[in-house]
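Report on the following structure.
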Amino acid sequence: MKPFDYVRAQSPSDAVGRYGPGTMYLGGGTNLVDLMRLGVAAPDHLVDVSRLPLDAVEPVRDRLRIGAAVRNSDLAADPLVRARYPMLARAVLTGASGQVRNMATVAGNLLQRTRCPYFQDVTRPCNKREPGTGCPAIAGDHSNLAVLGASDACVATHPSDMAVALAALDAEVHVTGPAGDRIIPMPGLHRLPGDEPERDTVLEPGMLITAVELPAPPPGASLYRKVRERASFAFALVSIAAVLDVRWDGVVTGCRIALGGVAHAPWRAERAEREIIGGPATGEAYLRAAEAELDQARPLPRNAFKLPLARNLIVRTLEELTP
């Protein structure tokens with residue numbers, strides 16, 4: 001591991017003021033430290049933000065404000081989260097082992113890097129790690145990589161479960177930086193690769209996440225479901241966060257769907273939502289909506305299995321949410 005300078009920030013403004021070339025923020029370290037050990041990340045300066053006073057979960061009128069330094073275990077166990085946003089609590093609990101959740105922070109979870117094997121192997125080319133070197137995953141091991149929103153430059157997927165739930169809940173991410181404060185909606189924090197796959201988010205250098213704010217719980221029932229290769233400590237092949245509101249006469253009046261494990265960012269299934277809202281709450285309608293969403297997919301030879309998997313997951317989850 002490359003030598004680096006370390007300092008503990010005393011406030012968000014202190015952290016931003018210490019940011020400069022070669023600087024990275026350190027939260028729980030469950031992703032960054034691994035990348036430093038692998039040689040993928042090599043900061044000159046680490047600014048520790050894990051002990052900033054950003055570790056509260058508190059109601060703000062009808063909304064809920066979650067500090068960036070809240071540990072994942074504390075978030076999943078928080079009574080307000082469990083009562084008002086059970087889908088989020090479930091997503092967090094599927095995200096990692098208990099030991100990792102005890103260390104990982106909310107902001108760090110949102111900003112974790114891809115687990116693409118080529119990104120993590122410094123002996124192989126990778127456009128995300130070294131722009132312009134190529135994407136060997138396209139012709140190589142891509143079985144668990146993107147089928148939606150990918151580009152010729154990158155087919156990596158975003159690994160966060162929490163981010164998928166937050167995208168379905170229309171969360172807002174509060175950040176501060178050299179140019180002041182800003183609020184970024186979700187989806188909207190993470191970006192698709194395009195021709196700049198090295199940029200995971202829309203954050204500019206020096207920007208620091210300070211909180212995530214959730215609007216009032218949406219009407220209807222919600223569920224987070226994750227399909228993976230083993231029961232624990234595994235990233236999603238496909239996951240779904242869904243909210244469904246069905247009127248007394250069987251008409252869908254509200255629907256939110258976000259998918260994980262399929263794209264470079266949490267994927268809000270807007271085509272499927274438009275197909276479903278205003279129509280009957282039936283399996284046939286859900287199937288048409290799922291097929292409309294996945295019609296834009298561009299799978300590679302060894303990850304085409306994700307399409308029927310995602311289709312069936314959407315249909316089954318919505319059927320389970322239908323009263």
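Screening residues 89-106 for salt bridge (Lys or Arg N to Asp or Glu O under 4.0 Å), with sequence neighbours left out, gives no hits. For residues 308-323, the side-chain hydrogen bond (donor to acceptor under 3.5 Å, both in side chains) pairs, not counting sequence neighbours, are R225-T317, R225-E320, Y286-T322.
In terms of the ring-ring contact (aromatic ring centres under 6.0 Å, His included) criterion, residue partners of H190 (sequence neighbours excluded) are, by chain and number, H158. Residues forming a side chain to side chain contact (heavy atoms under 4.5 Å, CB included) with A15 (at least two apart in sequence, or on another chain): A9, Y25, V47, V49, L208. With sequence neighbours left out, P159 forms a side chain to side chain contact (heavy atoms under 4.5 Å, CB included) with Q112, R115, F235.
A salt bridge links E196 with R199: at least one charged nitrogen is closer than 4.0 Å to a carboxylate oxygen. Between R271 and E293 there is no salt bridge, since no side-chain nitrogen of the basic residue lies less than 4.0 Å from a carboxylate oxygen of the acidic one.
In terms of modelled atom types and a separation under 3.5 Å, the side chain of K226 and the main chain of T94 share a donor-acceptor contact.
None of R129, R191, K128 except one satisfies the salt bridge (charged side-chain N to carboxylate O under 4.0 Å, His left out) rule with D200; the exception is K128.
In R302, the CZ atom is crowded: over 12 heavy atoms of neighbouring residues, nucleotides or ligands sit closer than 6.0 Å.
Residues V246 and I240 share a hydrophobic cluster, clusters being chains of Ile/Leu/Val/Met/Phe/Trp/Tyr side chains in contact below 4.5 Å. Residues V92 and L169 fall within the same hydrophobic cluster, defined by Ile, Leu, Val, Met, Phe, Trp and Tyr side chains chained together at heavy-atom separations under 4.5 Å.
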Could you list the donor-acceptor pairs under 3.5 angstrom formed by side chains in residues 272-285, with sequence neighbours left out?
from, atom 1, to, atom 2, distance (Å)
E273, OE2, I257, N, 2.7
E273, OE2, R268, NE, 2.6
T282, OG1, A285, N, 3.2

